[in-house]
Number of protein chains: 2
Amino acid sequence: MMIGEVAEKSGFSVHTLRYYEKIGLLPTSHRDGGGRRSYDDDVLRWLEFLSRLKDLGMPIRDRVLYARLRAEGDSTIEARRRLLQTYRDALAKRVISLTETLDVLDAKIASYDTTGTPLKGPRK
Amino acid sequence: MMIGEVAEKSGFSVHTLRYYEKIGLLPTSHRDGGGRRSYDDDVLRWLEFLSRLKDLGMPIRDRVLYARLRAEGDSTIEARRRLLQTYRDALAKRVISLTETLDVLDAKIASYDTTGTPLKGPRK
DNA sequence: CTAAGTGCTAGAGTGTGCTCGAGGTCAAGC
DNA sequence: GCTTGACCTCGAGCACACTCTAGCACTTAG
């Protein structure tokens, strides 16, 4: 696969993929005869996982750290586990908080719908 | 209340509060004799709500828009409702997606924890 | 009376995470 | 053999949301 296809399948732009490689989120690409990057399917699973880490709010420097540990092999499994555990716990809290926010919004929207005036009691 | 107290109670910095006023997230403050901003308790509830909007990912532009509509009074209730509804729906999807991510992380962490079969599992 | 503390403005600076542009190479179809 | 389009590098630029600085004014405790 060339970079354009990876971009299309992963949802990251070509620019972003090259940027990710530069900062160490993606391993140094294998190149074809013409110097172009050549990828195999594994990269798509890795990008999907990276995308989840990004989405849950892991900053890029920790994603890079995780990628570096991963590249170092099995000896870093414990470090990776601890890193993921930290973000997992934060995420669990965040899901709870966002669920509360969802309730707050629903209440607010309901107050707009029923009374036409926010934060007042129920209509008689 | 002066700005420092609002900062302490709301969790926003003094700098941020002045910035929020400048861009229209907070109404133009009343000033005391010495030209200092003076707030009443309402501002804390408003800041808490703004904080939720921020937390759910509403960009500052739309928070400003919401604040502007709110300042314009009851005639904008329908517009505000629509705005909140949009973000509520996105948030509902996001909560689902983050819950999935939580499962993904838990599975991954569990695979790291299985010391029984040393690392023959999927290595993403 | 004075020093510490808090406040003020305008505007510049910062960190994050991309995003884009200039100027070029390379492979394939017509 | 030329055009088209995807790729390359390097580095600058951008959007967002603050965050901080300089230089000054005001208030309050001792």
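Computed from a predicted model, the values in this text were never measured in an experiment.
- Within a heavy-atom distance below 4.0 Å of DNA chain D, the residues of residues 57-70 of chain B found are B/Pro59, B/Ile60, B/Arg61, B/Arg63.
- Counting heavy atoms of neighbouring residues, nucleotides and ligands inside a 6.0 Å radius, atom CD of B/Glu100 exceeds 12 of them.
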Side chain to side chain contact (heavy atoms under 4.5 Å, CB included) between A/Ile3 and A/Arg36, intermediate numbers included: CA-CA 8 Å; A/Ile3 199 168; A/Arg36 290 131 127 186; over 6 Å; no
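- A search for side chain to side chain contact (heavy atoms under 4.5 Å, CB included) contacts involving A/Asp55 returns B/Arg94, B/Ser97, B/Leu98, not counting sequence neighbours.
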Identify each donor-acceptor pair in which a side-chain atom of residues 41-49 of chain B lies under 3.5 Å from a protein atom, sequence neighbours left out, and give them as a table.
unit_1, atom_1, unit_2, atom_2, d
B/Asp42, OD1, B/Arg45, NH2, 2.6
B/Trp46, NE1, B/Leu25, O, 2.8

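- Annotation: side chain of A/Leu105 is in contact with side chain of B/Leu53 (closest heavy-atom distance under 4.5 Å).
- Chain B approaches DNA chain D within less than 4.0 angstrom (heavy atoms of the protein), and the contacting nucleotides run 5' to 3' from D/dC16 to D/dT27.
- More than 12 heavy atoms of other residues, nucleotides or ligands shown are found within 6.0 angstrom of CD on B/Glu78.
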Close N or O pairs between protein and nucleotides 28-30 of chain C (under 3.5 Å):
none

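- The nearest pair of heavy atoms linking B/Arg63 to B/Met58 is NH1-O, 2.9 Å.
- Expressed to the nearest 0.5 Å, how far CD of A/Gln85 lies from CZ of A/Arg80 amounts to 15.0 Å.
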Give the C-alpha distance, both sets of side-chain angles, the deciding distance and a yes or no for side chain to side chain contact (heavy atoms under 4.5 Å, CB included) between B/Leu50 and B/Tyr66. CA-CA 10 Å; B/Leu50 280 180; B/Tyr66 183 82; 5.7 Å; no
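- Taken from CZ in B/Arg70 to CD1 in B/Ile77, the straight-line distance is 11.5 Å, to the nearest 0.5 Å.
- With hydrogens and angles disregarded, no donor-acceptor distance shorter than 3.5 Å links the side chain of A/Thr76 to the backbone of A/Ala79.
- Here the shortest heavy-atom pairing between B/Ala92 and A/Leu102 reads N-CD1, 4.0 Å.
- Taken residue by residue, residues 12-47 of chain B places heavy atoms nearer than 4.0 Å to DNA chain C at B/Arg18, B/Arg31, B/Gly35, B/Arg36, B/Arg37.
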